Amino acid sequence: SLWTDTHRKAPGRARPVFNLAKDFERRGDLDEAMALYLKSITLQPPRLKHFKIMALTNIGTIFYKGGNLDNAIDYYRQALDILPNTPRSRYNLAVALAIRGRFGESAEHLRWLLEHNPNNETALDLMALILLKRQRYEDALQFSRRLLQLQPNHRSPNLQIGAALTRLGD
């Protein structure tokens, strides 16, 4: 591949290693991808903080896809420890926490995302689902209705509104 060739020509450069890791991840060779992501951090790229966050978040996603939520959560947290205002890491952490049933922690991260971007559709959607799970139907309606305004033809807010109204008896 292009990145294999680039890495061969410049083995000490972080960008080719990082992009080669992404290539391995796309091909499904997740162990090699994780090793290369970690290697890219050690090569002291020009934007080390940025590389670390991307690499840690991508490793977390590999663990998430493999069903290892505890490791995914750990890597997403490591990325946020470096730079707390990283929306992708924060959202991925919220998803993994929600799947683990840690709805309160997940909602904290979703609130942060929505404070910084009130129209974050994925955060609105997950927040509504969490509130439905927690039987906070009125609150769930607020988030579902906001999402419906942004995406009138999207199925998810309609289903959430229907579930909440059914539970409320409306």
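Predicted model, so just to flag it, every value in this text is computed and none were measured.
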*Derivation and outcome, side-chain contact (heavy atoms from CB on, under 4.5 Å), residues Leu30 and Glu25*: CA-CA 5 Å; Leu30 304 182; Glu25 183 179 353; 4.1 Å; yes
*asked:* For a quick test of reading the model, state the closest non-hydrogen atom pair linking Thr86 to Trp112 and the distance between them.
replied: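 Result for this residue pair: N-CH2, 4.4 Å.
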*Mind listing the closest non-hydrogen atom pair of Tyr37 and Asn58 along with its distance?*
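Minimum heavy-atom contact is OH-ND2, 3.2 Å.
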Flag side-chain contact, heavy atom, 4.5 Å: [X] against [Y]:
{"X": "Met34", "Y": "Phe63", "result": "yes"}
{"X": "Ile73", "Y": "Arg102", "result": "yes"}
{"X": "Asn117", "Y": "Pro87", "result": "no"}
{"X": "Leu126", "Y": "Phe143", "result": "no"}
{"X": "Pro118", "Y": "Arg146", "result": "yes"}
{"X": "Phe18", "Y": "Met54", "result": "yes"}

Let me confirm one number: the [atom1]-[atom2] distance from [X] to [Y], rounded to the nearest 0.5 Å.
{"X": "Ile41", "Y": "Lys39", "atom1": "CD1", "atom2": "NZ", "answer": "13.0 Å"}
{"X": "Gln142", "Y": "Tyr137", "atom1": "CD", "atom2": "OH", "answer": "15.5 Å"}
{"X": "Gln78", "Y": "Leu80", "atom1": "CD", "atom2": "CG", "answer": "10.5 Å"}
{"X": "Ser144", "Y": "Leu124", "atom1": "OG", "atom2": "CG", "answer": "9.0 Å"}
{"X": "Leu38", "Y": "Lys52", "atom1": "CG", "atom2": "NZ", "answer": "11.0 Å"}
{"X": "Leu69", "Y": "Asp74", "atom1": "CG", "atom2": "CG", "answer": "12.5 Å"}

*Run the salt-bridge test on Glu105 and Arg77 with the 4.0 Å N-O cut-off and return the result as yes or no.*
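Looking at Glu105 and Arg77, the cut-off is met.
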*Is any side-chain N of the basic residue among Asp70 and Arg100 closer than 4.0 Å to the acidic one's carboxylate O?*
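Answer for the salt bridge query: yes.
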_Polar side-chain atom of Arg90 near backbone of Pro84 as donor-acceptor pair, under 3.5 Å_ =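 Checking the backbone N and O of Pro84 against the side chain of Arg90, a donor-acceptor pair under 3.5 Å is found.
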*Please answer whether the main-chain N or O of Ala94 pairs with a side-chain N or O of Ser106 as donor and acceptor at a distance below 3.5 Å.*
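Yes, the answer is positive, given that a donor and an acceptor are paired below the 3.5 Å cut-off.
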*Just do the side-chain contact (heavy atoms from CB on, under 4.5 Å) check on Leu36 and Phe24 with the steps written out, would you?*
CA-CA 9 Å; Leu36 288 167; Phe24 274 98; 3.5 Å; yes
*Taking it one step at a time, do Tyr76 and Thr57 satisfy side-chain contact (heavy atoms from CB on, under 4.5 Å)?*
CA-CA 5 Å; Tyr76 296 144; Thr57 300; 4.2 Å; yes
*Given the rule in the side-chain contact (heavy atoms from CB on, under 4.5 Å) test, do Ile99 and Tyr64 qualify, once you have shown the distances and angles that lead to the verdict?*
CA-CA 10 Å; Ile99 291 170; Tyr64 172 84; 3.3 Å; yes
*Please name the residue in the list Leu110, Ile130, Leu131 that meets the side-chain contact (heavy atoms from CB on, under 4.5 Å) test with Phe103.*
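Exactly one candidate clears the test, Ile130.
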